[in-house]
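One structure is given below, encoded as structure tokens.
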Amino acid sequence: METTGAAANRAVTLRDVARLAGVSVATASKALNGQPQVRAETRARVVKAADQLSFSPNTLAQGLITQRSGTVGLLTSDLEGRFSIPILMGAEDAFGSGQTSVFLCDARGDAIREKHHLRALLSRRVDGLIVVGARPDTRPSVGELPVPVIYAYAPSDDPADLSLVTDNIGGGRLAVDHLIRCGRRTIAHITGDPGYGAAQGRARGALDRLAEEGLALAGGEVWFGMWSEAWGRGATRMLLDRCPDVDAIFAGSDEIARGVLDVLHEKRIDVPSQVAVIGFDNWHVLAANARPPLTTVDLNLEQLGRTAAQRLSAAMDGTRASGVETLPVRLVTRESTAPLR
């Protein structure tokens, strides 16, 4: 009989786990790999035995059996990680229970660097790839690869690919609907670069919701400009000159909204009793620390990452999909919006 000391001097094997759980090696393997043929009580017994023995499956050996490496790549062009990091966190959450590791590569918007990263990831035998764009506009497909690919945030230009995007039109509607429900009737929209699909989508949603209420856009136009606090300040000054009775401003980003708040404070216009302000993105460091804290539309990027990981797992198991899937956004309400008094 093997002594405890002898067992401690060698690596614990699947056979040890099976022996302690009172099952066959095949059943122990199926239980630890989540196979559906194993009864719940048997699976629980095997997992408990594995925990007691501090059993760690040999990833390389598992890969030889399953023909998988247990790794996926996340390729981004988001230099600051503003969008890619929450997506990465969501993907890692979804992959966590399956013990899949995620390799993050930043192409920095460079097509040559992107090709280099693709070659490097494929040489490491990743099982799949999530491609994250720096902006929510159509990007070139990476083409046919030997592994499944999911596009997140920025859709592929190939309809045969599966792309997951956020609902910018729905977000614009949501923002303006909230302002209307707060009793606001003179609502302006200050946003970023008109070349961005996100800016156009958010404006379209806002205008559609205003039209449903029979309301005109305050100032007579969408104030397109830059994604910056400086533009938020400049546009707000022009807006107040043209439309001094504005009672709500929907900003196309939290950065722009911070600039809007700066000017309203300068003009001694109280937020939200006189003018309500709402942003977009829920960039926490900006929104939560604004004065007052900023109501904003959250892109649900971690959920986008989780969904991308789920779709990629399904594709790796043989269930391929294509087209564009739009995920909902949500409103985060803080003190910068409130009903009119």
Side-chain angles (χ1 to χ4, degrees), residues 72-78 81-98 100 102-105 107 114 118 121 126-175 177 196-206 208-209 252-253 280-282 296-332:
V72 299
L74 191 148
L75 180 61
T76 179
S77 292
D78 177 18
R82 167 69 188 90
F83 303 106
S84 61
I85 296 303
I87 293 172
L88 171 65
M89 292 170 62
E92 286 186 326
D93 284 347
F95 283 130
S97 60
T100 298
V102 182
F103 292 149
L104 175 63
C105 295
E114 180 174 281
L118 281 173
L121 289 167
V126 294
D127 301 318
L129 188 65
I130 298 173
V131 178
V132 181
R135 52 189 281 184
D137 294 306
T138 301
R139 56 147 290 149
S141 172
V142 297
E144 288 289 333
L145 295 181
V147 297
V149 181
I150 304 294
Y151 295 81
Y153 193 64
S156 166
D157 62 2
D158 187 345
D161 293 327
L162 176 61
S163 302
L164 307 178
V165 300
T166 54
D167 188 0
N168 284 294
I169 296 175
R173 289 183 58 89
L174 191 63
D177 181 74
Y196 276 61
Q200 296 292 343
R202 294 166 194 179
R204 176 181 164 189
D208 286 350
R209 185 66 188 92
S253 76
F280 209 107
D281 294 333
N282 195 27
T296 182
V297 177
D298 192 315
L299 291 170
N300 274 342
L301 294 177
E302 287 194 32
Q303 181 57 49
L304 182 67
R306 284 191 286 270
T307 304
Q310 291 163 2
R311 299 292 184 271
L312 186 59
S313 294
M316 291 188 298
D317 288 335
T319 304
R320 299 291 184 101
S322 60
V324 178
E325 183 177 342
T326 303
L327 277 63
V329 297
R330 66 187 180 96
L331 186 72
V332 177

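These numbers come from the heavy atoms of this one structure, side chains and all, not from hydrogens, waters or symmetry mates.
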Could you tell me whether a side-chain N or O of T319 sits under 3.5 Å from a main-chain N or O of A315, the two making a donor and an acceptor?
no

With a 3.5 Å distance limit and no angle check, can you tell me whether T296 reaches the backbone of N282 through a side-chain donor-acceptor pair?
yes

Kindly indicate whether the side chain of T326, heavy atoms from C-beta on, has any atom under 4.5 Å from the side chain of I169.
no

In short, L312 meets V149 closest at the heavy-atom pair CD1-N, 4.4 Å

Those residues at least two apart in sequence (or on a different chain) that pass side-chain contact (heavy atoms from CB on, under 4.5 Å) with D161 are S141, Y151, S156, D158

Across all chains, not counting sequence neighbours, the side-chain contact (heavy atoms from CB on, under 4.5 Å) partners of L121 are F103, C105, V126, L129

Under the salt bridge (charged side-chain N to carboxylate O under 4.0 Å, His left out) criterion, do D167 and R202 qualify, and how do the steps go?
CA-CA 9 Å; D167 188 0; R202 294 166 194 179; over 6 Å; no

Looking only at heavy atoms, the pair that brings A308 and I130 closest together is CB-CD1, 4.1 Å

Partner residues of R139 under the salt bridge (charged side-chain N to carboxylate O under 4.0 Å, His left out) criterion, sequence neighbours left out:
E114

Qualifying ring-ring contact (aromatic ring centres under 6.0 Å, His included) pairs, either residue in residues 128-150, two or more places apart:
none

Applying side-chain hydrogen bond (donor to acceptor under 3.5 Å, both in side chains), name anything that partners D137, two or more places apart in sequence or on another chain.
R135

For Y153, ring pair (Phe, Tyr, Trp, His ring centres under 6.0 Å) partners two or more places apart
F83

What residues, two or more places apart in sequence or in another chain, satisfy salt bridge (charged side-chain N to carboxylate O under 4.0 Å, His left out) together with D298?
R330

All salt bridge (charged side-chain N to carboxylate O under 4.0 Å, His left out) counterparts of R320, not counting sequence neighbours:
none

So, using side-chain contact (heavy atoms from CB on, under 4.5 Å) as the criterion, who are the partners of L327 when residues are at least two apart?
L164, L304, T307, E325

I'd like to check the side-chain hydrogen bond (donor to acceptor under 3.5 Å, both in side chains) partners of R204; sequence neighbours left out, ordered by chain and number.
none

Does some side-chain heavy atom of L118 sit less than 4.5 Å from a side-chain heavy atom of L145?
yes

Restricting to side-chain hydrogen bond (donor to acceptor under 3.5 Å, both in side chains), what partner residues turn up for R306, sequence neighbours left out?
Q303

Evaluate the side-chain proximity of V147 to D127: yes if any heavy-atom separation is below 4.5 Å, no if none is.
no

